[in-house]
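Presented below is the structure to which this report refers.
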2 protein chains.
Amino acid sequence: MRGAQGDLLRLIAGGHAESRAELARLSGLAASSVSLRVEELIGSGLLVEEGSVSSRGGRRPRRLRVSPTAGVLAVADLGGHHARLGLLDLSGTPLVVEERPCEIALGPEATLNWIAASFDDLLATHGPAGVPLRGIAIGLPGPVDPASGRVVSPSRMPGWNNFPVAEHFGAHYDLPVLVENDANLLAVGEARAWPGCETVLVLKAGSGIGCGVIVNGVLHRGRGAAGDISHVRVRSDSSVTCSCGHLDCLEAYASGAALMGVLAEQGIAVGRPSDVVALVDDGIPEATALVRNAGRLIGEVLTVLVNFINPDAIVVGGSLSKAEPLISAIRAAVYERCLPLATRDLEIAVTRSGPDAALLGAGILLLDAVLS
Amino acid sequence: MRGAQGDLLRLIAGGHAESRAELARLSGLAASSVSLRVEELIGSGLLVEEGSVSSRGGRRPRRLRVSPTAGVLAVADLGGHHARLGLLDLSGTPLVVEERPCEIALGPEATLNWIAASFDDLLATHGPAGVPLRGIAIGLPGPVDPASGRVVSPSRMPGWNNFPVAEHFGAHYDLPVLVENDANLLAVGEARAWPGCETVLVLKAGSGIGCGVIVNGVLHRGRGAAGDISHVRVRSDSSVTCSCGHLDCLEAYASGAALMGVLAEQGIAVGRPSDVVALVDDGIPEATALVRNAGRLIGEVLTVLVNFINPDAIVVGGSLSKAEPLISAIRAAVYERCLPLATRDLEIAVTRSGPDAALLGAGILLLDAVLS
DNA sequence: CCATCTTCTTTCGAAATCGAAGATAAAGCG
DNA sequence: CGCTTTATCTTCGATTTCGAAAGAAGATGG
């Protein structure tokens with residue numbers, strides 16, 4: 001996509017602009033130039049005019065949308081034992097989303113081939129006829145080197161270390177392939193639901209603890225592991241060795257897996273982090289106490305980050321986020337301990353954008369790759 | 001300064017470019033457009049051609065510099081008991097720098113009037129004749145709200161809370177006035193000395209502990225307190241109440257002031273943090289142990305931040321940075337505990353840019369304000 | 001010392017962009 | 001209903017920017 005036109009398309013696709021006038025304001029281009037570009041984009045079938053936006057006192061803007069026939073994106077978000085797969089149109093709107101069981105421990109070859117087959121399946125059954133596939137994005141529950149598209153020493157993905165995921169997919173399709181950490185995708189998707197928040201910290205509390213960081217509106221990747229807080233040392237009386245070999249990592253106390261472990265020791269067998277939430281909802285005191293303690297520990301780690309980066313919002317997602325005591329314990333710790341200037345307008349809240357947030361985030365990032 | 005020309009001037013002034021060709025590469029403009037703009041800038045006296053840069057195989061580029069007669073910037077960096085004041089030319093090169101005693105506890109009115117008088121003094125004695133003052137920047141040892149230019153609940157600046165510093169100066173001079181936290185200025189100045197490092201964490205270890213954060217090459221301000229790590233809770237056996245009212249803040253254990261307090265209790269009276277460094281250099285075991293412990297505590301806080309933000313470098317400045325055990329203890333803690341991906345190419349080092357770093361940083365930020 | 005290569009800078013016609021003014025369209029109001 | 005206000009969108013000449021090619025100045029290597 002040629003530069004200037006790509007920028008305009010991105011603004012429309014990203015939901016930032018809906019009319020020519022808005023495009024002019026946001027792109028910095030003159031209104032006349034915008035009109036020209038938009039005319040070309042409509043001519044080439046990427047954009048369509050569709051009705052009008054309601055006015056507030058003047059001529060109604062004509063609503064611009066990305067054409068549904070311009071292309072589809074195939075996106076996937078992998079967990080340890082399941083995968084969410086979806087097709088999006090170029091505006092990032094889901095056409096279809098499915099969750100299917102999938103064992104990541106089967107290794108990269110088997111898993112990625114299965115994903116490719118599933119994409120083909122989805123495209124055959126739900127892909128609109130004649131609309132081309134434009135790009136692929138995969139979210140993985142481990143650190144990803146953004147430059148090479150490789151997984152780097154993941155803790156819960158046996159056999160994946162250093163596997164060239166992007167390259168592997170590139171052999172199947174001649175398309176942009178984006179590989180990213182799942183918490184990062186979640187962060188990008190979630191951030192879209194928090195307009196006005198420029199710096200956002202998105203926590204994914206599931207069987208592991210992940211975190212994505214949006215600084216000034218853009219995902220901060222660092223060296224690929226940015227946002228990793230699971231192996232931070234926490235203050236505790238006892239002493240637990242984490243899977244990473246260090247003592248007292250946050251993950252060893254506050255992750256869904258850790259909570260399930262403690263519950264199992266107490267004779268309460270649970271299979272998934274969401275079962276822990278169910279126990280809390282049922283008022284089982286052991287579970288509630290555990291979750292509250294996990295929230296406190298997470299909150300104490302967050303105090304450091306809140307003072308350091310001064311986010312506008314902390315958003316908690318992942319299956320454990322549905323446990324109310326977790327959120328309130330996080331809030332209590334952060335508001336009690338952080339600097340007033342840092343907490344003055346800080347929002348700490350549960351995810352707004354539902355279970356597809358990571359897929360939406362994948363669409364947003366992928367769009368940038370496709371339109372460049 | 002009109003947009004495009006301002007950008008070019010900034011690139012020259014900031015030391016990013018020295019020739020028309022470099023300007024073209026960095027600005028993204030066509031070489032021909034650059035030539036036109038540069039001609040105009042030379043015409044208006046802001047830029048001068050001065051000799052040539054050494055070539056690497058072709059025609060020698062003609063060196064461009066900001067004209068020494070284009071203007072001066074007045075900058076100040078205030079500490080608790082002294083102030084560094086300087087005049088810079090528009091390229092950020094110091095014309096004169098002085099350190100003078102100054103009690104910040106005398107309150108904002110007295111201090112700021114004294115600064116204004118000192119600037120007038122410096123301009124009269126060292127300001128080149130006929131060269132106009134173009135802007136003023138002040139660094140203060142406390143949180144500054146970047147929007148309003150006010151100090152916000154500083155812990156060691158009695159009487160300054162909510163004082164409108166920028167406004168106060170605006171009444172004296174009709175010029176851009178920049179007010180910023182001292183650690184932030186230090187970070188900006190220091191980052192210039194670390195080319196290739198996009199994300200840098202600059203620690204100021206003096207009588208307090210400050211920290212400035214450069215993310216992707218730009219200073220991250222957050223709400224004005226970003227980078228504050230002094231009130232992070234540290235793991236410790238004993239229990240100390242910090243001046244902020246919380247228990248076990250980093251500052252209460254590892255700041256120069258805290259170290260001096262402990263030494264005083266042991267009967268070793270010292271007046272300034274640099275005296276502590278002298279004791280360490282003299283091999284006084286109490287001092288060395290204290291400093292090493294301070295380094296360990298700072299390092300443990302940094303582990304969280306390194307995992308979280310994945311910086312390319314951690315630079316330690318401030319008077320305590322000259323104590324070698326401090327740096328090595330920080331290194332030990334970070335390298336031992338952080339994720340391999342985060343520490344793989346991480347540099348942890350002492351300041352490269354000397355005592356004027358904060359003033360240079362003030363010049364860099366101020367230039368942006370002046371050239372916009 | 002001369003041909004060749006490299007890099008920097010300028011020239012000049014082509015193309016993109018701007019900006020002011022006008023056309024279009026709707027809301028608010030007496 | 002017509003007038004005013006507000007806002008969006010288009011037209012068109014003026015300006016800016018681009019890009020290819022040529023010119024300038026030094027490095028390199030026989």
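A, B, ... follow the sequence lines: proteins, then strands. Residue 1 opens every chain.
- Annotation: B/Glu167, atom CD; neighbour count of heavy atoms from other residues, nucleotides and ligands within 6.0 Å does not exceed 12.
- In this entry the distance linking CD of B/Glu22 with C1' of C/dT7 reads 12 Å, nearest Å.
- Of the options A/Thr69, A/Leu87, A/Leu95, a side chain to side chain contact (heavy atoms under 4.5 Å, CB included) to A/Pro128 is made by A/Leu95 and by none of the others.
- Atom CD of B/Glu18 and atom P of C/dT9 are 11 Å apart (whole Å).
- In this structure, A/Glu49 places its CD atom 14 Å from C1' of C/dT24, rounding to the nearest Å.
- One can place CZ of B/Arg60 at 11 Å from P of D/dA25, the figure rounded to the nearest angstrom.
- Taking 4.0 angstrom as the limit, B/Ser33 places a side-chain polar atom (N or O) nearer than this to OP1 or OP2 of D/dC18.
- Atom pair A/Arg62:CZ and D/dA7:C1' shows a separation of 14 Å (rounding to whole Å applied).
- Between B/Leu23 atom CG and C/dT7 atom P the separation is 18 Å, expressed in whole Å.
- The shortest non-hydrogen separation linking A/Arg352 to A/Glu190 is N-OE2, 2.7 Å.
- The two residues A/Val75 and A/Phe119 come nearest to each other via the heavy atoms O-CE2, 3.5 Å.
- The nearest heavy atom of DNA chain C to A/Val34 and to B/Arg59 marks one nucleotide each, and the one closer to the 5' end goes with B/Arg59.
- Using a 4.0 Å heavy-atom cutoff across all strands shown, B/Arg37 reaches sugar-phosphate atoms only and no base atom.
- Phosphate proximity of D/dT10 to A/Ser32: absent, as no side-chain N or O sits under 4.0 Å from OP1 or OP2.
- Contact record, B/Leu360 with B/Pro94: CD2-CG, 3.9 Å, taken as the closest heavy-atom pair.
- For the OP1/OP2 pair of C/dT10 and a distance below 4.0 Å, the side-chain nitrogens and oxygens of B/Arg20 include at least one atom meeting the criterion.
- A straight line from CG of B/Leu36 to C1' of D/dC18 spans 11 Å, rounded to a whole angstrom.
- Across the protein-nucleic acid pair, B/Leu29 atom CG and D/dG19 atom P stand 11 Å apart, rounded to whole Å.
- Side-chain nitrogen and oxygen atoms of B/Arg25 include at least one within less than 4.0 Å of the OP1 or OP2 phosphate oxygen of C/dC8.
- Closest to the A/Pro61 side chain, of the nucleotides D/dT8, D/dG19, D/dT10, is D/dT8.
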